[in-house]
Amino acid sequence: MAGGRVRATILGFAGALVVFAILFSVAGVDDLLAELAGADLRLVALVFLATLGWLAAWGFSLRTVLDVLGVSLSVPQAFLVFTGAMFSNNVTPFGQAGGEPVTALLIAKVADTEYERGLAAIASVDTLNFVPSITLALVGAAYFATETTFGTRLRLATGVVVALALVVPGLVYLGWRNRYALETRVVGVVVPLIRRVAGFLPVFSAPTEESVESRIGHFFGAIERVATDRTGIALALAASTVGWVLQMVALYLAFIAIDQPVPFSAMLFVVPMGAIAGVTPLP
């Protein structure tokens, strides 16, 4: 392993330790250890296996999208890259919006491909993951409503899910239809900003407008290539759905392991809502 990767790995684990230390200080170490000590270890092992299955399923989805883009990544590599993506999403502000640029760089390094192609791949996976998450959330909310009375917060959360199910696809569609206009605006804003930063930090040279346009064009081209491959989309959606279900199963079993069972229908609703909350600027 190259020295740079060793340093990056060490920094990654150090960052994870810091995050866990903060979480433990807020939650209370004694209470946490007491709950873990009383947990059913057999169910904890199943939680661990379900979590591995979730990451493996979404790693397969990423590998499928990369294969459509002509990028070769082995199954273990896809699993590790996606695990790194999940870590980045959970320790950077704005969740996926903050973590995916880091993930794209990781894909580019591991798969030896262009950054734009890696960014297009992880953006495509995120978009595909949105479809089953909203579907499962709506099904879970509908079923959960038959078991309990919705309070104000639950009604608000359900309204947010329904709104996202309508707004997000519409925004994606409008953005794609107007992608060339967006490209012009991005170039007009980003290039002067980078040049201004480069003036204070002469370590790197500012890119030209032509180079930025070329990179954005490659990104859009990769997105279009994924969108037109029906087989790849079907496989990625299937893997995404399996991943969501395994994530729900893991949380469901975790509650049973600490003797606090909850209805599985609540998992159908809560897990996607948690992912939506990850879009907010909270680590």
Side-chain angles (χ1 to χ4, degrees), residues 47 49-69 71 73-90 95-97 99-100 102-104 106-107 111 117-143 160-162 164-173 176 222-253 264-265 267-279:
V47 170
L49 291 176
T51 303
L52 289 180
W54 155 46
L55 293 173
W58 282 11
F60 177 80
S61 178
L62 174 61
R63 183 173 183 266
T64 300
V65 171
L66 285 172
D67 186 62
V68 171
L69 295 175
V71 178
L73 207 65
S74 67
V75 172
Q77 284 178 324
F79 173 81
L80 292 175
V81 166
F82 202 87
T83 301
M86 290 295 99
F87 175 79
S88 298
N89 291 347
N90 283 281
Q96 292 177 343
E100 302 313 37
V102 179
T103 304
L106 179 61
I107 293 172
R117 193 171 296 187
L119 184 60
I122 194 63
S124 298
V125 171
D126 287 341
T127 303
L128 292 172
N129 281 344
F130 178 81
V131 176
S133 71
I134 290 296
T135 302
L136 291 171
L138 292 175
V139 171
Y143 184 77
V160 169
V161 172
V162 174
L164 286 172
L166 298 174
V167 172
V168 172
L171 291 176
V172 171
Y173 175 76
W176 183 253
I223 292 291
E224 188 170 5
R225 188 171 174 181
V226 173
T228 55
D229 192 304
R230 295 183 179 180
T231 302
I233 289 178
L235 288 174
L237 279 175
S240 174
T241 304
V242 170
W244 279 114
V245 172
L246 288 173
Q247 189 177 356
M248 295 168 188
V249 169
L251 185 58
Y252 176 73
L253 292 175
F264 187 78
S265 58
M267 299 298 98
L268 291 172
F269 182 69
V270 169
V271 171
M273 282 301 300
I276 293 170
V279 178

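The first residue of the sequence shown is numbered 1, and numbering continues consecutively from there. As a basis for the values below, the full set of heavy atoms in this structure was taken, side chains included, without hydrogen atoms, waters or symmetry mates.
Rounding to the nearest 0.5 angstrom, the gap separating the OG atom in Ser240 from the CG atom in Leu235 is 12.5 Å. Distance OG1/Thr64 to CH2/Trp58: 14.5 Å, rounded to 0.5 Å. Atom OG1 of Thr231 is separated from atom CG of Asp67 by 11.0 Å, given to the nearest 0.5 angstrom. To the nearest 0.5 angstrom, Leu136 atom CG is 10.5 Å from Gln247 atom CD.
Leu73 and Ala78 get closest at one heavy-atom pair: CD2-CA, 3.8 Å. The minimum heavy-atom distance linking Leu246 with Trp54 is given by the pair CD1-N, 3.6 Å. Nearest approach of Arg225 to Val68, heavy atoms of both residues: NE-O, 3.0 Å. When all heavy atoms are compared, the tightest approach of Ser74 to Arg63 is C-NE, 3.7 Å. Here the closest heavy-atom approach between residue Val47 and residue Ala250 is recorded as CG2-O, 3.5 Å. The two atoms that bring Ala239 and Phe60 nearest to each other are CB-CD2, 3.7 Å, heavy atoms only.
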Open item on the list: Could you walk me through whether Phe82 and Val125 satisfy the side chain to side chain contact (heavy atoms under 4.5 Å, CB included) test, starting with their C-alpha distance in whole Å, then the side-chain angles of each, then the deciding distance to 0.1 Å, before giving a yes or no?
Closed with: CA-CA 10 Å; Phe82 202 87; Val125 171; 4.1 Å; yes
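Counting only heavy atoms from C-beta outward, the side chains of Val65 and Leu128 approach each other to under 4.5 Å. Contact annotation: the side chain of Leu237 approaches that of Pro132 to within less than 4.5 Å [non-hydrogen atoms, C-beta and beyond]. Side chains of Leu62 and Ile107 form a contact here, defined as non-hydrogen atoms less than 4.5 Å apart. Here the side chains of Trp244 and Leu268 are not in contact, with every heavy-atom distance at 4.5 Å or above.
Judged purely by atom type and a 3.5 angstrom limit, Arg117 uses its side chain to pair as donor or acceptor with the backbone of Leu69. The backbone N or O of Ala123 lies less than 3.5 Å from a partner atom in the side chain of Thr127, making a donor-acceptor pair.
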